[in-house]
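Structure first, commentary second.
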Amino acid sequence: MANHLSGNTKFMVWLNPYWGEVKSGGKTFEQMAVYKTNKKAITALIQIPEYKQETFGHDLSTMLNQNLTFDEAINDPDKTIMTRQRLKIMQDDIFKRLDAAVIL
């Protein structure tokens with residue numbers, strides 16, 4: 001995308017370890033050529049925490065498959081209290097990371 005968009009286009013990159021570590025050829029994202037080449041256009045790197053797939057991952061996947069926001073899922077009375085609590089933990093953690101990101 002960075003090659004096709006010009007001008008003042010800025011990117012926020014989400015590093016999501018859901019399918020495994022964000023690495024290629026043993027290199028982290030920050031060591032990859034794609035990052036180094038486009039570093040000036042990247043305003044923030046947001047590292048999504050690794051969550052236990054059997055619980056947190058399942059809850060997040062279900063929420064996304066249902067096209068729900070965190071707030072909608074957390075306030076859904078049909079979801080168990082533990083599911084809603086895990087979603088709240090993830091929401092708080094991700095939102096804290098967004099707030100801490102230095103976006104130019």
Side-chain angles (χ1 to χ4, degrees):
M1 286 190 336
N3 291 334
H4 298 290
L5 299 172
S6 61
N8 293 327
T9 304
K10 299 294 181 186
F11 295 90
M12 178 183 295
V13 177
W14 294 74
L15 302 174
N16 187 348
Y18 184 81
W19 299 110
E21 284 186 276
V22 181
K23 285 189 172 185
S24 180
K27 294 181 179 181
T28 66
F29 181 76
E30 295 89 338
Q31 296 169 327
M32 293 179 197
V34 67
Y35 174 72
K36 291 178 180 180
T37 301
N38 298 293
K39 190 174 182 176
K40 290 179 183 175
I42 298 173
T43 60
L45 295 176
I46 307 296
Q47 179 68 49
I48 303 297
E50 286 190 55
Y51 296 110
K52 188 172 181 180
Q53 293 305 313
E54 299 81 17
T55 52
F56 287 86
H58 178 318
D59 296 338
L60 182 61
S61 179
T62 300
M63 179 189 87
L64 295 174
N65 285 330
Q66 293 173 341
N67 296 316
L68 299 175
T69 65
F70 275 112
D71 285 340
E72 290 169 333
I74 290 166
N75 292 306
D76 182 350
D78 293 333
K79 298 201 178 306
T80 68
I81 189 72
M82 288 307 300
T83 295
R84 291 184 291 166
Q85 179 61 25
R86 286 189 293 266
L87 290 170
K88 181 67 176 150
I89 290 169
M90 286 186 281
Q91 179 190 41
D92 290 346
D93 195 9
I94 291 169
F95 285 15
K96 283 178 189 171
R97 290 167 188 264
L98 283 172
D99 288 341
V102 176
I103 300 172
L104 305 174

Main-chain N/O of Ile89 paired with Asp93 side-chain donor or acceptor, under 3.5 Å: no
Do you know the tightest heavy-atom contact between Glu30 and Lys36? O-CE, 3.9 Å
What I'd like to find out is whether the side chain of Val13 reaches to under 4.5 Å of the side chain of Tyr35, using heavy atoms alone. no
Do the side chains of Gln53 and His58 get nearer than 4.5 Å, heavy atoms only? no
How close do Lys10 and Lys40 get, heavy atom to heavy atom, and via which atoms? NZ-O, 3.3 Å
Any donor-acceptor N/O pair, Thr37 side chain to Ala33 backbone, under 3.5 Å: yes
State whether the side chain of Asp76 and the backbone N or O of Glu72 hold a donor-acceptor pair below 3.5 Å, judged by distance alone. no
My understanding is that only residues two or more places apart in sequence, or in another chain, count here; which of them pass salt bridge (charged side-chain N to carboxylate O under 4.0 Å, His left out) with Arg84? none
Given side-chain contact (heavy atoms from CB on, under 4.5 Å), test Leu45 with Phe29 step by step and report yes or no. CA-CA 10 Å; Leu45 295 176; Phe29 181 76; 3.6 Å; yes
Heavy-atom nearest pair, Pro17 first then Gln47, reads CD-NE2, 4.0 Å
Evaluate the side-chain proximity of Lys79 to Gln66: yes if any heavy-atom separation is below 4.5 Å, no if none is. yes
Is there side-chain contact between Trp14 and Leu98, with at least one heavy-atom pair below 4.5 Å? yes
Test log, rule side-chain contact (heavy atoms from CB on, under 4.5 Å), inputs Leu60 and Phe70: CA-CA 9 Å; Leu60 182 61; Phe70 275 112; 4.0 Å; yes
Taking the side chain as everything from C-beta on, heavy atoms only, tell me whether Pro49 gets closer than 4.5 Å to Arg97. yes
Heavy-atom distance under 4.5 Å between the side chains of Asp59 and Tyr51, does that happen here? no
So, for Gly26 and Gln31, which heavy atoms are closest and what is the spacing to 0.1 Å? O-OE1, 4.1 Å
Please tell me if the side chains of Gln91 and Lys88 come closer than 4.5 Å, counting only heavy atoms from C-beta onward. yes
Min side-chain heavy-atom separation Met82-Thr55 under 4.5 Å: no
Without swapping roles, check the side chain of Thr28 against the backbone of Lys23 for a donor-acceptor pair under 3.5 Å. no
